[in-house]
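Please read all numbers here as calculations on a predicted model, not as lab measurements.
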Amino acid sequence: MPATGGSAFRTRIGPLVWPKIERQGTSWKITPTSRLTGTPPFELKIDPEPDFLLGARLLVRAADAATVVTLSDPDVGDRLQVVPLPVPGNAIPESHRYADLELLPSYQGVVVRPIADAITVRPVKEGVEVTAAGGLHLSPMADAGNRPAVSQTASLPPRPSPGGASNTLTPPTDPKPVPSGRRLFDLPAWKKGDLDHYTEARQNLQLNIVNAPDSERPRAQLDLARFYLANGFGQEAIGMMDVLQEAQPDLEGWPEFRALRGAARFLAGNTDAAAEDFAHPNLANNGEAALWRAAIAADRNDWPAAQAGFKAAAPILNSYPDPILTKLATRAAEAALKTGDAPFAKRLLDRIAERGGTDAEERPDVQYLRGLYYAQTNEPERALEQLTASYNSLDRYYRAKAGLALVNLQLAEGRMSPPAAAERLAGLTFTWRGDELEMQIRQRMGEVLIAAGQYADGFNAMKETAALVADTPRAEEITREMSRIFADLYKDGAQKLPTIEALQLYDQFRELTPVGEAGDEVIRQLAERLISVDLLNRAADLLQHQVEYRLSGEDKARVGTRLASVRLLDNKPEDALRALELSNVPNLPADLIGERRLMQAKALAELGRGDEALLLLSEDDSKPANSLRVDIAWRAQKWEAAAFALNKLIGAPPPPTQPINPATSQLVLNRAVALALAGDGTNLNLLRKEFGSAMTNGPDADAFRVLTRPEQALGLIDVNTVRSRVAEVDVFQKFLKNYRGKQSAAIN
């Protein structure tokens with residue numbers, strides 16, 4: 001028949017027939033026999049324990065119980081939990097009925113028929129444990145009589161003697177979940193009065209442990225652990241629970257024990273261990289456990305989770321006595337303030353004051369929280385008063401927290417300069433060290449130093465902070481913030497800084513360059529700024545890195561073209577050709593193809609390969625192409641070609657009332673030189689007629705008048721005068737500068 005956890009078989013037998021159970025090696029032999037000749041089963045002992053430490057239970061003393069097989073009775077549909085036993089004849093021959101379950105008669109093993117929900121059957125060291133969430137419904141020992149063959153043990157049995165059978169209470173490792181509304185702690189009762197009676201109550205509980213018999217000692221120890229917890233002494237509570245667990249290791253499986261230890265660990269400052277305890281799956285839906293998980297979230301600065309948990313468990317929190325109320329309510333108030341719920345924070349602080357009176361308002365933690373509350377409600381004077389009081393206290397932790405809050409408030413109010421704020425924060429790093437608060441102070445100090453313009457110091461402070469918390473979410477957060485600040489600083493090429501300082505800062509913290517387009521923009525902007533002050537080689541290094549490692553597609557081609565232009569400006573034509581080759585990608589737009597062709601032609605011309613350059617430009621009649629033709633022809637002393645290309649660049653003369661542009665004046669003068677050296681008197685005479693009037697009032701009037709004298713036009717060239725005007729011209733250089741401006745404008 002179907003079963004979970006093992007195999008189950010079913011057979012019918014006739015009247016007056018009973019099975020004889022035998023084990024032969026790994027096989028079992030079941031023989032029908034008469035009751036008169038059959039051996040009766042060995043009756044297992046059943047111990048009801050209504051006063052068990054963590055809830056009433058039944059313990060069936062069956063050695064070597066190992067597993068539970070679950071099946072359904074096919075006749076009546078009952079769900080049965082069967083525990084097979086390895087020793088033949090170990091059984092419960094008579095039925096035992098309880099409020100929550102029934103132990104059915106058997107000839108071998110233990111059979112449990114649950115009546116109530118959430119019944120747990122679990123093999124443990126000393127037998128089979130039957131229990132339920134919160135304990136079974138068993139009569140107190142004072143009301144229970146002894147039944148034959150059934151022990152009604154009322155207290156914890158003694159620990160096993162050396163070599164003897166185990167008699168230790170071992171709870172199940174996987175009991176049923178604790179119901180949502182069930183309270184885990186009765187702190188008012190456990191507290192045993194106020195602090196005036198603390199010493200007396202503690203001594204009485206300690207005497208109870210000393211005087212208790214072995215069977216009662218664990219309960220007395222548990223009472224002392226609960227007392228310590230209710231009075232806020234986490235370490236002491238943990239010490240008593242360690243003693244308990246040493247005697248009964250399986251207490252680890254009980255959710256009630258885990259909750260008690262988790263609360264003690266939290267009070268002792270061991271947040272991670274407390275979180276592990278309250279993460280027990282059987283505490284997942286319990287409201288009181290959720291309250292402590294909210295406190296753990298607050299200590300981890302997970303303010304949204306903390307706020308949600310505290311608000312949901314507010315009635316439970318309000319029922320707690322001091323000091324637990326204050327310890328949790330201050331965290332709840334801070335979570336409320338961090339998430340913008342000032343009214344809830346005020347109710348919590350008022351509750352603390354109601355319990356603690358005037359003394360509560362003078363506590364540094366309460367003053368700190370009142371200061372945050374007033375800051376959020378736009379009462380800066382009251383906020384400063386409360387925060388200053390907390391800052392001046394002897395509590396180093398809240399001195400550091402209040403100091404950080406004061407810096408933030410005074411900066412926001414304009415009452416403190418960033419340099420002064422950075423100095424204050426540097427001092428706070430020595431006030432409190434070693435945890436998340438120190439990291440907050442250090443990170444804020446870095447941000448304030450940056451706000452003060454001390455960028456290197458600020459980035460170094462943040463970098464050191466991230467290193468202190470490496471491989472944590474805080475480190476990732478700091479790194480992201482540094483990258484954001486860095487990108488914002490360099491979005492315009494770090495115009496706030498002198499160029500050399502901007503370059504040095506970038507070299508020092510280049511790892512902060514954002515990934516993707518934002519980082520590409522940072523690099524391009526800095527490169528353009530370096531180009532603007534003729535730091536061409538450094539600018540080219542930045543662009544080279546982009547082309548090689550960061551960009552692809554059209555972006556790679558555009559930046560590669562810009563890199564080629566920078567190499568040309570730096571008189572490195574071979575490097576310009578390499579830049580174009582490195583950034584060569586398919587399917588580029590026509591305008592970019594034209595720009596790249598011009599850069600290639602210029603590089604070829606610079607390398608003395610003018611004919612190749614002119615061939616490359618054969619179908620390009622643009623102004624930049626003609627400028628480059630002028631340069632190539634001039635360098636080759638091909639004056640006719642130079643004059644022809646210059647004519648295309650000059651265009652028509654300006655109107656008589658309009659002065660000639662200085663750049664156009666220079667081009668006209670250069671054409672006059674080329675025509676004179678070409679011996680083209682006709683075009684030289686025509687040039688004088690067209691531009692004579694405009695040039696008379698221009699910056700090159702005297703030179704133009706000498707070069708275009710009538711005797712020049714008649715072929716009587718004054719060679720010395722003309723040669724004095726022949727100089728290396730680089731008309732295309734203006735295009736490169738304009739191209740730089742074009743790219744910069746496009747980026748901006």
Side-chain angles (χ1 to χ4, degrees), residues 184-185 187 229-235 237 259 262-279 283 286-356 360-361 363-376 386-387 390 393 395-402 404-405 432 435-440 474:
L184 297 168
F185 307 141
L187 297 180
L229 177 73
N231 284 279
F233 296 105
Q235 292 286 12
R265 284 172 163 177
F266 175 80
L267 294 178
N270 193 345
T271 305
D272 291 340
E276 182 181 346
D277 277 334
F278 280 108
L283 294 172
N286 181 265
E288 193 161 11
L291 170 64
W292 289 85
R293 283 194 292 269
I296 292 168
D299 275 16
R300 290 175 167 177
N301 293 332
D302 186 356
W303 303 116
Q307 169 69 351
F310 281 128
K311 291 207 78 170
I316 298 176
L317 178 59
N318 288 334
S319 71
Y320 278 4
D322 267 333
I324 305 301
L325 170 70
T326 299
K327 288 179 181 294
L328 298 189
T330 51
R331 289 171 168 85
E334 186 166 9
L337 291 167
K338 293 291 186 180
T339 55
D341 191 351
F344 183 55
K346 185 177 186 302
R347 289 196 297 272
L348 290 164
L349 293 173
D350 290 345
R351 180 71 168 168
I352 295 172
E354 177 186 334
R355 292 283 188 90
E361 293 291 356
R363 291 169 52 111
D365 53 352
V366 175
Q367 291 170 333
Y368 164 73
L369 293 169
R370 289 284 190 195
L372 294 186
Y373 169 75
Y374 290 132
Q376 285 195 12
Q386 291 291 323
L387 291 174
S390 181
S393 71
D395 188 313
R396 295 177 63 192
Y397 178 70
Y398 278 98
R399 175 179 173 82
K401 293 195 76 164
L404 176 59
W432 189 262
D435 65 2
E436 174 66 18
L437 177 57
E438 183 194 358
M439 299 306 107
Q440 292 178 28
R474 161 71 68 176

Spell out, as yes or no, whether a donor-acceptor pair under 3.5 Å connects the side chain of R351 to the backbone of N318. yes

Taken in chain and number order and not counting sequence neighbours, the residues that satisfy side chain to side chain contact (heavy atoms under 4.5 Å, CB included) with A274 are R265, F266, I296

Looking only at heavy atoms, the pair that brings W432 and A400 closest together is CB-CB, 3.6 Å

Nearest 0.5 angstrom please: L337 CG to L349 CG, how far? 7.0 Å

Check side chain to side chain donor-acceptor pair (under 3.5 Å) between Q367 and all other residues, then give those that pass, not counting sequence neighbours. none

Could you check if a side-chain atom of N286 sits within less than 4.5 angstrom of a side-chain atom of R293, using non-hydrogen atoms only? no

What pair of heavy atoms forms the shortest contact from A237 to A264, and how long is it? CB-CB, 3.8 Å

Taking side chain as C-beta onward, heavy atoms only, is L187 less than 4.5 Å from L325? no

Listed partners of E438 passing side chain to side chain donor-acceptor pair (under 3.5 Å), at least two apart: R442

Can you name the residues that form a side chain to side chain contact (heavy atoms under 4.5 Å, CB included) with T326, not counting sequence neighbours? D322, T330, I352, R363, D365

Flag side-chain contact, heavy atom, 4.5 Å: L348 against F310: no

Would you call R370-D350 a salt bridge at under 4.0 Å N-O? yes

Looking only at heavy atoms, what is the nearest atom pair of A298 and A306, with distance? N-CB, 3.6 Å

Under 3.5 Å, side chain of E288 to main-chain N/O of L184, donor-acceptor pair present? yes

Working to the nearest 0.5 angstrom, can you tell me the gap between L404 CG and L437 CG? 7.0 Å

Can you list everything that forms a side chain to side chain donor-acceptor pair (under 3.5 Å) with D299? Sequence neighbours excluded, please. R331

Shortest non-hydrogen separation from A336 to F344 and the atoms involved: CB-CD2, 3.8 Å

Heavy-atom pair of closest approach, residues E361 and A353: OE2-CB, 3.3 Å

Identify which one of K401, R399, Q386 satisfies the side-chain contact (heavy atoms from CB on, under 4.5 Å) criterion when paired with Y368. K401

The criterion is ring-ring contact (aromatic ring centres under 6.0 Å, His included); which residues satisfy it with W303, sequence neighbours excluded? none

With a 3.5 Å distance limit and no angle check, can you tell me whether S390 reaches the backbone of L387 through a side-chain donor-acceptor pair? no

Heavy-atom closest pair (F185 atom, A259 atom, distance to 0.1 Å) is CZ-O, 3.4 Å

